[in-house]
J.: 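Below is a structure I'd like to ask you about.
Just follow the structure's listing: the first ligand is 1, and inside any ligand the first atom is 1.
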Amino acid sequence: LLIDFDTLEVAKRYKLMSQCIVPRPIAWIVTESSNGLNAAPFSYFAPLSSSPAAVVVSIGHKSDSTPKDTLKNLLQNGKCTICAVTAETLPKMHQTATELDYEIDETKLFGIETKRLLPDFPPIIADTPYALFCTFMQKIDLGGKTVPLILKIENLYISPQNVLDENSLELNIQTVARVGKRYALYDKIVEPPKN
Ligand SMILES: Cc1cc2nc3c(=O)[nH]c(=O)nc-3n(C[C@H](O)[C@H](O)[C@H](O)COP(=O)(O)O)c2cc1C
């Protein structure tokens, strides 16, 4: 198969890209507004740089063409807390992808426990193995409806149970990834070949 993307519908491009470029990590993003908290998953998400420490997340629009709540909040107050998803929290994460009115707090609606660790950032989802406390750096205009945001990592939280050795910074993090429309858990880590 050789497919010309210029003439392909957006939904079909997404279907193909999301099955080829795998696995994609899931950023379970908590933002805040005067209405309370907002939580939603995003898998057009990737690390960009370690200096500055930055990630990129691409966020689209709702079916009524208004920006998704996470995009609106990030552009309004420049702060978010990116949490990770485990096998245990996968069902709750999936629920938070439901399109809801701006005023609705998904953590309250779906009974997701949160914990505020830093006063200047939204709280973490209590069961997350790690969290990135991020500030907005830059918005990239691709000329389309999806808006990539570059976010700077200001602080990293790691749950004590995921720290193997604090001195050598060895961690054991097993998160859920997205593969096409499905999810993946990896259970096999291999050493690099010895040259
Ligand atoms: C695993 C998963 C990954 C997703 N990734 C993205 C993404 O990268 N970009 C996006 O705009 N929507 C993505 N979505 C859809 C959003 O989560 C969904 O539109 C959500 O309602 C947005 O919430 P908000 O309006 O509260 O920000 C994803 C959904 C799921 C389940």
J.: For Arg24 and Ser43, test the side chains for any donor-to-acceptor distance below 3.5 angstrom and give the result as yes or no.
T.: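 Side-chain D/A pair, Arg24 to Ser43: present.
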
J.: For atom 2 (C) of ligand 1, which protein heavy atom lies nearest, and how many Å away is it?
T.: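 Protein heavy atom with the smallest distance to atom 2 (C) of ligand 1: Arg178 NH1, 3.6 Å.
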
J.: Just heavy atoms, cut-off under 4.0 Å: does Leu71 contact ligand 1 by side chain, backbone, both, or neither?
T.: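 Within the 4.0 Å criterion, Leu71 makes no contact with ligand 1.
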
J.: Within 45° of the six-membered ring axis of Phe133 and under 6.0 Å from that ring's centre, is NZ or CZ of Lys79 located there?
T.: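 Pair Lys79/Phe133 does not count as cation-pi.
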
J.: Which of the numbered atoms in ligand 1 are under 4.0 angstrom from any heavy atom belonging to Thr98?
T.: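 Listed by number with element: 21 (O).
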
J.: How far is atom 8 (O) of ligand 1 from its nearest protein heavy atom, and which residue and atom name does that atom have?
T.: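 Its nearest protein heavy-atom neighbour is Tyr44 N, 2.8 Å.
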
J.: With a 4.5 Å limit on heavy-atom distance, are the side chains of Val30 and Ile125 in contact?
T.: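 Val30 vs Ile125: side chains touch.
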
J.: Could you pull out, from Tyr14, Phe42, Phe45, the option with a heavy atom nearest to atom 6 (C) of ligand 1?
T.: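 Of the listed residues, Phe42 has the closest heavy atom.
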
J.: Do Thr66 and Lys72 have a side chain donor and acceptor closer than 3.5 Å?
T.: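 Checked: Thr66/Lys72 side chains show no N/O donor-acceptor pair below 3.5 Å.
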
J.: Counting each atom of ligand 1 from 1 as listed, which ones have a heavy atom of Asp69 under 4.0 Å away?
T.: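 Answer for ligand 1: 24 (P), 25 (O), 26 (O), 27 (O).
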
J.: What part of Thr70, side chain, backbone, both or neither, has a heavy atom within less than 4.0 angstrom of ligand 1?
T.: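 For Thr70, backbone and side-chain atoms both sit under 4.0 Å from ligand 1.
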
J.: Report, in ascending order of atom number, the atoms of ligand 1 lying under 4.0 Å from any heavy atom of Lys62.
T.: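 Heavy-atom distances to Lys62 below 4.0 Å select 25 (O).
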
J.: What's the shortest distance from atom 3 (C) of ligand 1 to any protein heavy atom, and which residue and atom give it?
T.: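 Scanning the protein heavy atoms, the shortest distance from atom 3 (C) of ligand 1 goes to Ser43 OG, 3.3 Å.
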
J.: With atoms numbered from 1 as shown, which atoms in ligand 1 lie under 4.0 angstrom from a non-hydrogen atom of Ile59?
T.: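 Result: 11 (O).
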
J.: Would you say Thr128's side chain and Ala131's backbone share a donor-acceptor pair under 3.5 angstrom?
T.: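 No, because the side chain of Thr128 does not come within donor-acceptor range (under 3.5 Å) of the backbone of Ala131.
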
J.: Taking a hydrophobic cluster as the set of Ile, Leu, Val, Met, Phe, Trp and Tyr residues connected by side-chain heavy atoms closer than 4.5 Å, whether directly or through intermediates, do Met93 and Leu37 fall within one such cluster?
T.: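 Same hydrophobic cluster.
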
J.: With backbone taken as N, CA, C and O and side chain as the heavy atoms from C-beta onward, which portion of Lys68 lies under 4.0 Å from ligand 1: side chain, backbone, both, or neither?
T.: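 The answer is both.
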
J.: Less than 4.0 angstrom from a charged side-chain N to a carboxylate O is my criterion; do Lys108 and Glu106 meet it?
T.: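 Salt bridge flag = no for Glu106 with Lys108.
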
J.: So among Asn73, Asp69, Thr81, Thr70, which one has a side-chain hydrogen bond (donor to acceptor under 3.5 Å, both in side chains) with Thr31?
T.: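 Exactly one pass, corresponding to Asn73.
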
J.: What are the atoms of ligand 1, with element, lying closer than 4.0 Å to any heavy atom of Asn38?
T.: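 Close to Asn38: 24 (P), 26 (O), 27 (O).
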
J.: Under a 4.0 Å threshold between the charged nitrogen and the carboxylate oxygen, would Lys92 count as salt-bridged to Glu113?
T.: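 Result for this pair is no, no salt bridge flagged.
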
J.: Going by the order shown, which atoms of ligand 1 are within less than 4.0 Å of some heavy atom of Glu106?
T.: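 In order of numbering, the contacting atoms are 26 (O).
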
J.: Quick check: Pro41 and ligand 1, any N/O pair under 3.5 Å apart?
T.: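 Yes, Pro41 has an N/O under 3.5 Å of an N/O on ligand 1.
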
J.: What atoms in ligand 1 come closer than 4.0 Å to a heavy atom of Ala97?
T.: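 Per the distance check, 17 (O), 18 (C), 20 (C), 21 (O), 29 (C), 31 (C).
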
J.: Specify the closest pair of heavy atoms between Leu71 and Gly60, including all atoms of both residues, with the distance to one decimal.
T.: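 Taking Leu71 first and Gly60 second, the nearest heavy atoms are CD2-O, 3.8 Å.
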
J.: For residues Ser63 and Glu99, is any side-chain donor paired with an opposing acceptor at under 3.5 Å?
T.: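 Yes, side-chain donor-acceptor contact under 3.5 Å.
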
J.: Can you list the ligand 1 atoms lying under 4.0 Å from a non-hydrogen atom of Ala40?
T.: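 Selected atoms, number and element: 22 (C), 23 (O), 24 (P), 26 (O), 27 (O).
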
J.: I'd like the name of whichever of Ala27, Pro25, Ser58 reaches closest to atom 9 (N) of ligand 1 through any heavy atom.
T.: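 Shortest heavy-atom distance from atom 9 (N) of ligand 1: Ser58.
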
J.: Check if Tyr183 has a non-hydrogen atom at a distance under 4.0 Å from any atom of ligand 1.
T.: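 Yes; Tyr183 lies near enough to ligand 1 that a heavy-atom distance drops under 4.0 Å.
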
